[in-house]
Chemist: 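The structure is given below, and queries will be raised subsequently.
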Amino acid sequence: MRHPLRAAVLAAALVTTAACGSGTPESQAPAGGAPPEPTSAAASALFDALPDTIKESGVIRFAGDSHPPYRTVGSDGTITGIDKDMQDALGKILGVRTEISVVDSLPSALQGMLSDRYDAFNGPVKATAEREQQFDSITWMTTRTSYVVPAGSTAGIAGPDDLCGKKVAIVTASVVEGQLANLSAYCQQRGRPAAEAVPLADTNATLLAAQAGRADAAGMTQAAAIDVTTQQKDAYTYVTQTEEQGATTDNLALLVPKSAGMGPVMFDAFEELFAGGEYQKIMDKWGLTEVAVPAPVLNAGSAG
């Protein structure tokens, strides 16, 4: 998809090549610090297209729940993860700082944006036509749903079919909630009991529930399952839902409120991120090449 702003950015880029890269730790500093200067004529054009409130503050305020590998919140409050890296890179392109405020759930992030407490939420959140009535979405990765099982579990989950009749911890209102409902319908069509959803606030809570035996598995995006089983080797295994079981390849997106008018400029910033190679570097760093996309997509949920 193309926008008038994109043409202006490309024209400016003929004069000075845009520079993309990870930001510095100061991108999480409290408001009041000096934002970075736009690094090129292309970046300056993008900065000029931002809403006046963001140009004046020099900060884009992101909401983010605890959801490794997207966001991992350290004991000292430091945030690391693919989300942080993407936001630092976007901030450098746009000539602003980025800040992340930790929220306890997806509904809190969505309502916070509508209440103007936050400017954006980097997900992972599914791009849907319903959400795109209030938010512009920029798809930057895809995923299937996976289910993480603690090593030594006696639940007998060797494949996704074994989830029928089992308790599965999920994040409330997440992509996984709908995918688990599809899996349950698959189970019932074959005369087997539905999986029982155990809704919780965030991914850490779902893993704790599985560890404590309150659930047999923790449902999450494939990217999160890859991270969990890579970071905690021999502690978990995972199975991935199939298309036969109702799985879809979901578009995961960054959201910004439509009322702010920031969707097109954020989309153009993502295009610069892809064109400069920084997107691929970040996906490679976090071992997520399987769920990378060839190009960002604006409002994929409403397309077609």
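Start at 1 with the first residue, then count along the sequence.
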Chemist: I'd like to check M220 versus I170 (side-chain heavy atoms, cut-off strictly below 4.5 Å). Are they in contact?
Modeler: no
Chemist: Would you mind writing out the side-chain donor-acceptor pairs for residues 189-198 within the sub-3.5 Å range, not counting sequence neighbours?
Modeler:
from : atom 1 : to   : atom 2 : distance (Å)
R190 : NH1    : Y186 : O      : 3.3
R192 : NH1    : D161 : O      : 3.1

Chemist: Determine, stepwise, if the pair S105 / S108 fulfils side chain to side chain donor-acceptor pair (under 3.5 Å).
Modeler: CA-CA 5 Å; S105 64; S108 295; 3.0 Å; yes
Chemist: For T230, check side chain to side chain contact (heavy atoms under 4.5 Å, CB included) against everything at least two apart and list the hits.
Modeler: I226, K233
Chemist: Would S302 and E132 count as a side chain to side chain donor-acceptor pair (under 3.5 Å) if you check the C-alpha gap in whole Å, the side-chain angles of each, and the deciding distance to 0.1 Å?
Modeler: CA-CA 7 Å; S302 303; E132 287 165 6; 2.5 Å; yes
Chemist: Quick one: side chain to side chain contact (heavy atoms under 4.5 Å, CB included) partners of D227, sequence neighbours excluded?
Modeler: P68, P69, Q231
Chemist: Determine, step by step, whether T242 and Q245 satisfy the side chain to side chain donor-acceptor pair (under 3.5 Å) criterion, reporting the C-alpha distance in whole Å, the side-chain angles of both residues, the deciding distance to 0.1 Å, and the verdict.
Modeler: CA-CA 5 Å; T242 67; Q245 296 160 338; 3.1 Å; yes
Chemist: Taking the side chain as every heavy atom from C-beta outward, state whether F270 and L254 have any pair of such atoms under 4.5 Å apart.
Modeler: yes
Chemist: Of all residues at least two apart in sequence or in a different chain, which pass the side chain to side chain contact (heavy atoms under 4.5 Å, CB included) check with Q134?
Modeler: L114
Chemist: For S115, what residues pass the side chain to side chain contact (heavy atoms under 4.5 Å, CB included) criterion, not counting sequence neighbours?
Modeler: Q111, R117
Chemist: My understanding is that only one of N204, T72, D202 makes a side chain to side chain donor-acceptor pair (under 3.5 Å) with S66; could you say which?
Modeler: N204
Chemist: Please report the interatomic distance CD1(I60) to CD(Q87), rounded to the nearest 0.5 Å.
Modeler: 9.0 Å
Chemist: Taking T143's backbone N and O only, do any of them form a donor-acceptor pair with T249's side chain (distance below 3.5 Å, no angle check)?
Modeler: no
Chemist: With F274, which residues qualify under ring pair (Phe, Tyr, Trp, His ring centres under 6.0 Å), at least two apart?
Modeler: Y279
